[in-house]
Q: 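Pasting in a structure now, in structure tokens, and then I'll have a few things to ask.
Numbered from 1 within each chain, the chains take letters A, B, ... in sequence-line order.
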Protein chains: 2
Amino acid sequence: MKPLIPSDATSKVLGAGTDPDREDLSLHDEILTRLRDHIVEGNIPDGGRVPERQLCEMLGISRTPLREALKVLASEGLVELLPNRGARVRQLSEHDLGELFDVMGGLEGLAGRLACENITDAEIAEIERLHYEMYGFYLHRDMHGYFRVNQLIHQKIVEASRNTVLLATYANFAGRIRRVRYSANFARKRERWGEAMREHETILDALRRRAGSELSDILFRHLRNKRTAAVEHLKADGMAGAEPA
Amino acid sequence: MKPLIPSDATSKVLGAGTDPDREDLSLHDEILTRLRDHIVEGNIPDGGRVPERQLCEMLGISRTPLREALKVLASEGLVELLPNRGARVRQLSEHDLGELFDVMGGLEGLAGRLACENITDAEIAEIERLHYEMYGFYLHRDMHGYFRVNQLIHQKIVEASRNTVLLATYANFAGRIRRVRYSANFARKRERWGEAMREHETILDALRRRAGSELSDILFRHLRNKRTAAVEHLKADGMAGAEPA
DNA sequence: GTCAGGTAAATTGAATGCAATATAATTAAG
DNA sequence: CTTAATTATATTGCATTCAATTTACCTGAC
């Protein structure tokens with residue numbers, strides 16, 4: 001009866017800025033992004049069911065486009081589709097998380113390698129600036145700020161690779177892991193923190209020298225260390241958290 | 001033909017509901033796989049429209065599940081969805097192909113690195129066997145056989161990484177590139193062929209020594225060389241091929 | 001003959017409807 | 001009182017339907 005599409009539903013607030021020229025940010029992508037954010041931000045418990053009708057009302061759409069979006073999210077690995085049993089938000093085991101981090105490590109290593117081929121001096125200067133900003137947060141023990149700038153640095157390196165396919169793939173995996181980050185914000189241990197800071201020194205150094213293979217190696221190992229911390233954290237948290245059937 | 005995806009979550013055989021035994025592979029995945037193969041095998045011209053109704057009849061389904069599959073294929077990068085203008089099979093530019101090969105290189109490099117951590121002696125022996133089999137094809141100038149075994153070796157290395165996420169991601173990108181391979185089967189130049197054979201010697205050597213970082217490097221560069229050949233090929237072929245709007 | 005304008009057919013995007021399956025609620029038996 | 005069986009409800013998967021946009025076709029003016 002009511003095709004109640006909120007008049008602001010067409011307003012594109014997401015990414016890439018508002019190109020008056022390029023209008024092709026379709027309604028479907030809008031739904032997809034909103035639903036993805038909804039899940040990534042942890043509004044649905046881990047392993048919990050995704051209530052179609054409820055989300056339909058929330059988004060002001062019918063089931064057809066919602067189910068299309070769910071299929072895409074399933075292919076992205078964010079939810080899993082059980083036959084005749086609907087969608088559940090995918091619960092990551094320690095093993096899954098470990099695999100994801102290793103792939104992230106491979107992608108970041110690749111990004112570093114390619115970045116060394118393409119990065120400009122200005123971009124390196126920008127990353128250096130961020131590096132010292134991050135160092136400041138480290139000294140002040142401001143973990144929140146540190147974490148934010150840290151991610152920004154990694155993002156900058158990926159962008160400097162000048163590879164849009166890599167950029168999209170990286171964003172995809174980052175999204176999957178982000179959900180875990182929301183569920184519990186990585187209380188990084190002190191000793192690991194200092195270690196990570198030293199690793200970032202070597203990252204910057206290799207980047208300055210445009211030492212691609214070397215940077216690739218460093219970045220992979222850097223994420224390997226992050227991986228260990230993350231998996232440990234999930235394990236500890238998993239004990240406290242309730243388990244789904 | 002044969003999907004070179006071995007046994008991940010998306011591997012399906014094309015049998016319809018005539019399989020009462022194994023029913024857990026959902027109908028949706030079935031449609032998805034069939035449609036993907038249909039496109040990858042080149043039944044629709046590059047950049048051509050994807051006729052919904054026609055495919056519905058071909059697959060014996062209604063538009064709803066077909067459109068769901070198209071959305072997924074779009075997220076995989078195989079087709080692109082134009083608002084109100086339907087789906088077109090995505091035409092890869094030289095630039096796109098180059099980016100894809102670099103990402104493939106990064107993934108294979110990662111696979112090699114992880115394989116060195118996890119591979120068994122038996123698996124190495126198997127790869128050695130394939131290597132010499134491939135060498136035989138090389139000596140006999142049997143490009144078809146060479147190509148087949150070559151892909152198999154790379155596949156084995158990815159499998160030896162023991163990382164299912166990597167395996168699925170690799171399969172995804174391999175699928176995207178496969179379409180280009182169908183459109184014209186890489187007439188590899190002689191000199192490049194010998195070079196590739198030598199590279200494979202070093203790959204095997206590094207694998208035997210479980211030299212992860214080294215193997216990662218070699219594999220990336222190996223794919224870089226493949227990339228150059230592929231892009232050159234697409235460029236030459238693109239001249240002869242029809243151009244899109 | 002070419003091009004602009006307008007109308008008709010086709011195609012897309014999304015909502016609704018219906019059969020099939022799973023989940024819950026209830027009842028009956030041990 | 002607990003547990004198995006049965007019925008009722010809810011949810012899923014897919015087909016059908018409908019409005020909106022696009023594409024093709026046709027007419028007419030220059």
Q: How close or far is atom C1' of C/dA15 from atom CZ of A/Arg63, stated in whole angstroms?
A: 11 Å
Q: Hey, are A/Arg176 and A/Glu76 close enough for a salt bridge, meaning a charged N less than 4.0 Å from a carboxylate O?
A: no
Q: In whole Å, what is the span from the CZ atom of B/Arg67 to the C1' atom of D/dG13?
A: 16 Å
Q: How close or far is atom P of C/dG13 from atom CD of A/Glu30, stated in whole angstroms?
A: 16 Å
Q: Tell me whether the count of non-hydrogen atoms from other residues, nucleotides or ligands lying under 6.0 Å of CZ in B/Arg53 goes above 12.
A: no
Q: In whole Å, what is the span from the CG atom of B/Leu70 to the C1' atom of C/dG13?
A: 13 Å
Q: Taking CG from A/Leu55 and P from D/dT11, how many angstroms apart are they, rounded to a whole number?
A: 12 Å
Q: Do A/Ser62 and C/dA14 share a donor-acceptor pair, side chain to base, under 3.5 Å?
A: no
Q: Between C/dA22, C/dG13, D/dT11, which one does the side chain of B/Asn84 approach most closely?
A: C/dG13
Q: With nearest nucleotide decided by heavy atoms, which residue, B/Arg53 or B/Thr64, maps closer to the 5′ end of DNA chain C?
A: B/Arg53
Q: Measure the distance from CZ on B/Arg49 to P on D/dT23 and round it to the nearest whole Å.
A: 7 Å
Q: Want to settle it: does A/Arg85 or A/Glu68 sit nearer the 5' end of DNA chain C, counting the closest nucleotide to each?
A: A/Glu68
Q: Can you tell me how far NE2 of A/His28 sits from NZ of B/Lys71, rounded to the nearest 0.5 angstrom?
A: 4.5 Å
Q: Expressed as a whole number of angstroms, how long is the span from B/Leu82:CG to D/dA20:P?
A: 22 Å
Q: Provide, to the nearest angstrom, the distance between the CD atom belonging to A/Glu57 and the C1' atom belonging to C/dA15.
A: 14 Å
Q: Under a 4.0 Å N-O cut-off, is there an ion pair linking B/Arg34 with B/Glu30?
A: yes
Q: Using a cut-off of 4.0 Å on non-hydrogen atoms, how would the nucleic acid contact of A/Leu66 be classed: base, sugar-phosphate, or nothing?
A: nothing
